[in-house]
Structure formats: C-alpha cells, structure tokens
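Working notes, beginning with the structure itself.
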Amino acid sequence: MASVSSQPQFRYTQPPSKVLHLRNLPWECTEEELIELGKPFGKVVNTKCNVGANRNQAFIEFADLNQAIAMISYYASSSEPAQVRGKTVYLQYSNRQEIVNNKTTADIAGNVLLVTIEGQDARLVSIDVLHLVFSAFGFVHKITTFEKTAGFQALVQFSDSETATSAKNALDGRIIPRYLLSDNVAPCTLKITYSAHTDLSVKFQSHRSRDYTNPYLPVAPSAIDGSNQFSLGLDGKKLEPESNVLLASIENMQYAVTLDVLHMVFSAFGPVQKIAMFDKNGALQALIQYPDVQTAIVSKEALEGHCIYDGGFCKLHLSYSRHTDLSIKLNNDRSRDYTIANPAMVNPQPPALGQQPIQTMGQAGHQYNVTQYAAPGLGQPMMPPQPSAGWGASAIPVQMTNHNPYVPPASMPQMSHGMMQMPPGQSGVPPPASTMPYFRPNHM
DNA sequence: AGCACA
C-alpha cells in the first residue's frame, strides 16, 4: 500500500501532511519562533529546527491535519508571505507524516559537545589539537574520540552547558585553524551538537581519550608500547615514547633564541621546570622539561613545526627526549632550573600553572565570536586572517612573531600576552615588544 | 529555496 511514497520529492503540491517543511529560515531559528508561526493555525505539537546542510530548514507538526492545511492554504493565497524575523519562509507539506526524534540531542544544551571533524584528513586531528581549540572557551574536563559512520567524532566535556554553548556557538561550522595542523593536512571543519552525556568515562589517558581533571590517570598501555595507534593516528609522526622532556631543534635561526624566549614559548602549555640549551652540529637544540608527560604532549602537538618568529625564522622541531629529569648544574644563559628558588633567576614570576594560559583564552574566544562569526551566512567558514586573531592566540606563542629578539631577557616574560597579540611585521626590525597593543585588531 | 535522525 505504498503509493504516496512514490511521489517525486520536489513538486508544488505535496500530499497533505500534518507535518510542514519550512525552508529559507533565518539562521539559528528557534523552536519558539516556529511555534509562534504555526500557532494561529492550530496546535503545534512538535518542531524541529536547524535541519538540512545549511541548517535553515525546519519542520512543524500540527496536532491535526486540518491545521496544517489551514496554514498552507492561508499562505498560498496571502499577499504577506510567512516570515520569521522578517525573512520570508517557504513552506509546504512535508513528505513525512510525523517529526521523529525531536529533542533528543542537538536542541538541549548540555556540558558535553558532540564534535564531528569533517575533512579529508579529519583523522589526523589529534586530541591535543582539539583540546587546544576547545580550551579557548573554558576548562576542558575530558575528551574522547571515536569513529562513527558520521566520520571522526569527539565528545568534549566542559564544566557546564554555558561554557559548552559558547564553544559551540563560536566553533560550529568553522575550520580548525591551519596553524594548529601540519602544513600538509587538509582543512577540517567542526560540526558541533550537544551530546546527551554529562560525564564522560575516561579510563586511561590515550590517543583517543583524555581526562584533564586527572593528570595522574594511568596512560593506556596501547599508548605506550610502540605498536599503538597514537602514532598511526597522526600520520607521519614518528614512533617515539612520550616523555615529559622535549627535545627542540631550531631551524633557520635568523634571530637569537634565548633561554627566556624558549621559557616563554613553552610556558604557555604548563610550568617549565628546566631548560638546557646546547649546540649540536652547529644548530641550536634545547631540552625542555615539564612536570608531566601530558603537558609535554600538548606542548609538542601545538608547537611542532611552528616558527618562533614570523617569516619562517627559528622553526621548531620537537621530539620526545629520553630524559625524564634534566640535571642542571648551574643557572646561566644556557641552562636553568626553574624549580629552585634563585635570586639570580631572570623570571620574576613563577611559571604559570598548566591550565592558566589556556583559560585566558576565553577572551580570545569572545573576540572571535564578535568578529569572525559575524557572517555565518557564508557557507564556507572563514579563516582568521592571522592565527593570533583567533582563539588560539594565547596558546600558540610561536605565532606571536616579530618581537625584538634582542630585547633584554628580563623584560620578556611579563609582556608575553602583548607579544602574542602582535601583528606580523615581516620587514625591518620590529618595534620593541613592550609598545605592542594588547590586542591586535582584526581585519579582513 | 526543496525533507532530519537512530
């Protein structure tokens, strides 16, 4: 008895249904607005908004077929089209007889986001990159990643639904900033809905799940023993055991890279305990020690392949050292132990706590909302004109380029934020960092 | 401006 379903999908006269299909809706049309629209004609028993690839379609389901007919008939002969927020809405009978599954996910705000990473190389996006991206909006408690038919997905847990909502609003439909990914990785778009989860269960720290509230959670055996997907998941990464100590090699060192510059750059991801610099085959290398492996992982993921100065200068290459605790004999301009009190130490402030720089990114996220998110109507998300304009600003110190490499080391740490917001200056000697504005203007 | 999700 299936004659109705053989109707062509697009035609002017769908067979009547108590479900109406609406299109050309304004962005982020709410359920309330749909109810308002349908109320004059009958009882709206269900709605579904944000439907379709552009999320500008919706369904309204009436209690009675005659009510749906009344609405269609009215607007068929009305000189005034149906409108939501002044925008003309086109409606017709749906080819479905009822709205299924409204109000499960997608509409109910929660503290956990379901993130689908779209793009050819979505699977190359590491959990650490996701962590950085979402940390711009608040403390990320946990992340799990998994493969579904929908593709590569992640659940990202925040403290509360407000934080999750701010992240969702700012990031949904946007691409992961290119500077967070390797150069050869194709753009990855984030599609975000609310998850019904409230608290994710993370048993181990691994390549596919992290619990940032518990850094002492055991690391999954699969993430340690070499044959793991940790490396496989990140194509092109070497198999090397993770360590709390990073080995940094600096390529194309046109500017001086001082101990303090390194300290500032690496402190963005957590407290730096020790740094030792040395020459190897004429190139500068440094060992940077964090208190834990997780911090080193995040730092490495974020900094690998990036340049301390704009223009490709002082490119960082990071690997995990076999060291776990550096032996610093004395504090000088090449090596330092930041864990011991030393009046001669340059750094006037103790290193920031692990989450601190990331949490300051809330303001960057907000800024992002205002400026970058202003034109959601464009199907294609826009890249931030400069990485430092986006949420990652504070977390990606290497993007904060062109500070004067010869600035006295003692003045470096306390102005780190200013530096990180500086516009690029590819030519000539950049002005002293201390004159730089706190926020760089967003342009483009 | 043309039909979702599990």
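Owing to the predicted nature of the structure, the values given are computational and were not obtained by experimental measurement. Chain naming here is simple, since letters A, B, ... match the order of the sequence lines and numbering starts at 1 in each.
To the nearest angstrom, P of B:dC3 lies 17 Å from CD of A:Q97. If you measure from atom CD of A:Q57 to atom C1' of B:dA4, you get 9 Å, rounded to the nearest angstrom. Per the geometry, CG belonging to A:L20 stands 15 Å off C1' belonging to B:dA4, to the nearest Å. Nucleotide B:dA4 holds its C1' atom 15 Å from the CG atom of A:L114, rounded to whole Å. The CD atom of A:E61 sits 16 Å away from the P atom of B:dA4 (whole-angstrom rounding). Across the protein-nucleic acid pair, A:R55 atom CZ and B:dA4 atom P stand 13 Å apart, rounded to whole Å. Rounded to whole Å, atom C1' of B:dC3 lies 13 Å from atom CD1 of A:I72. As a whole-Å value, the separation of A:N54 CG from B:dA4 P is 13 Å.
When the nearest nucleotides of DNA chain B are assigned to A:N24 and A:E98 by heavy-atom distance, the more 5′-ward of the two goes with A:N24. For the pair A:N56 and A:V51, both in contact range of DNA chain B, the more 5′-proximal nearest nucleotide belongs to A:N56.
In this structure A:I72 satisfies the side-chain contact (heavy atoms from CB on, under 4.5 Å) test together with A:L20, A:L91, A:Y93, sequence neighbours excluded.
Using a cutoff of 4.0 Å between basic side-chain nitrogens and carboxylate oxygens, A:K274 and A:D325 are scored as salt-bridged.
For the pairing with A:D128, the side-chain hydrogen bond (donor to acceptor under 3.5 Å, both in side chains) check across A:R210, A:K300, A:H207 returns one residue only, A:R210.
Here A:Y75 and A:F41 bring their ring centres to under 6.0 angstrom of each other.
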